[in-house]
Amino acid sequence: MAVTLPPDYLPSEDEPFMNDRQVEFFRRRLMAWREEILRESSETLRNLQEDSLQEPDITDRASAEADWSIHLRTRDRQRKLISKIDAALKRIEDGSYGYCEETSEPISLKRLIARPIATLSIDAQERHERRERSYRDD
């Protein structure tokens, strides 16, 4: 069943949580984010192949290598982000998207709009971060 969304649609607290329109909104948002990351990654690879690091000056070469190192680290972080996006898309398919993995309570729409890959409610995320800090401090 195809769900049509108005161009200016934004999920609202006034409608049932994770109704068909909200689910479609987040599915499209995640897919667009994923496609953008893949496109940027392809551009980086293409630029890396085209731009050889054959700078005659050692300082220029070092600078170019540092730039590419930053690009590659960014792409690696984005690769990990794609797996989180894919996991969110699977949650959309199985109907668990938008619900906290720890409490099963709905994650606020504001949080999901800001971070569509969120798996924890704000309260659960804060508890998780407090536990991490206390273990790290030990």
Student: Would you mind checking if Glu24 and Arg27 are paired as a salt bridge, meaning a charged N to carboxylate O distance below 4.0 Å?
Tutor: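 A salt bridge is present here (some side-chain N lies under 4.0 Å from a carboxylate O).
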Student: Is Met31 reachable from Val3 through a run of hydrophobic residues whose side-chain heavy atoms are each under 4.5 Å from the next?
Tutor: yes
Student: Working to the nearest 0.5 Å, report the span between CD of Glu126 and OG of Ser121.
Tutor: 8.5 Å
Student: Can you name the closest pair of heavy atoms from Ile113 and Pro11 and give their distance?
Tutor: CD1-CD, 4.2 Å
Student: CD of Glu129 to OG of Ser134: how many Å apart, nearest 0.5 Å?
Tutor: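 Reported value, rounded in 0.5 Å steps: 12.0 Å.
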Student: Between Tyr97 and Pro116 (side chain of the first, backbone of the second, donor and acceptor by atom type, cut-off under 3.5 Å), is there such a pair?
Tutor: yes
Student: Would you confirm whether Ser42, through its side chain, and Leu38, through its main-chain N or O, come within 3.5 Å as a donor-acceptor pair?
Tutor: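 Yes; judged by distance alone, with no hydrogens or angles, the pair exists.
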Student: To the nearest 0.5 angstrom, please state how far the CD atom of Gln78 sits from the NZ atom of Lys84.
Tutor: 12.5 Å
Student: If you take all heavy atoms of Arg91 and Ala118, which pair is closest and at what distance?
Tutor: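 In terms of heavy atoms, the two residues are closest at NH2-O, 3.7 Å.
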Student: Go through it in stages, so that I can follow the logic: the residues are Ser96 and Asp94, the test is side-chain hydrogen bond (donor to acceptor under 3.5 Å, both in side chains), and I'd like the CA-CA distance, side-chain angles, deciding distance and then a yes or no.
Tutor: CA-CA 6 Å; Ser96 64; Asp94 71 21; 2.6 Å; yes
Student: Do you know which two heavy atoms are closest between Tyr9 and Phe25, and how far apart they sit?
Tutor: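 It is O-CE1, 3.5 Å.
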Student: Do Pro16 and Arg21 come close enough that some side-chain heavy atom pair is under 4.5 Å?
Tutor: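 No - every pair of side-chain heavy atoms lies 4.5 Å or more apart.
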Student: Using salt bridge (charged side-chain N to carboxylate O under 4.0 Å, His left out), reason through Asp86 and Lys90 one step at a time and then give a plain yes or no.
Tutor: CA-CA 6 Å; Asp86 288 343; Lys90 285 180 185 172; over 6 Å; no
Student: Does the pair Ser69 and Arg73 meet the rule for a side-chain hydrogen bond (donor to acceptor under 3.5 Å, both in side chains), with working shown?
Tutor: CA-CA 6 Å; Ser69 176; Arg73 277 197 309 261; 3.2 Å; yes
Student: For Ala124 and Glu102, work out which heavy atoms get closest and say how close.
Tutor: CB-OE2, 3.9 Å
Student: Hydrophobic cluster membership, with links at side-chain heavy-atom distances under 4.5 Å among I/L/V/M/F/W/Y: are Ile117 and Leu120 in one?
Tutor: no
Student: Quick one: closest heavy-atom pair of Leu109 and Phe17, and the distance?
Tutor: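 So the two residues come closest at CD2-CE1, 3.9 Å.
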Student: May I ask you to say whether Arg39 pairs ionically with Glu35, meaning some side-chain N is under 4.0 Å from a carboxylate O?
Tutor: no
Student: Looking only at non-hydrogen atoms, find the nearest pair between Leu30 and Ile85 and report the distance.
Tutor: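 Residues Leu30 and Ile85, closest heavy atoms: O-CG2, 3.6 Å.
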Student: In Å and rounded to the nearest 0.5 Å, what is the NZ to CD1 distance from Lys80 to Ile37?
Tutor: 13.5 Å
Student: With clusters defined by side-chain heavy atoms of hydrophobic residues (ILVMFWY) lying less than 4.5 Å apart, directly or transitively, does Ile70 cluster with Leu81?
Tutor: no
Student: Start with the C-alpha gap between Leu112 and Met18, add the side-chain angles, then the distance that decides, and say whether side chain to side chain contact (heavy atoms under 4.5 Å, CB included) holds.
Tutor: CA-CA 11 Å; Leu112 288 171; Met18 284 301 128; 3.7 Å; yes
Student: In terms of side-chain geometry, is the basic nitrogen of Asp123 or Arg127 positioned less than 4.0 Å from the acidic oxygen of its partner?
Tutor: no
Student: Quick one: CD1 on Ile92 to CZ on Arg28, what's the gap to the nearest 0.5 Å?
Tutor: 11.5 Å
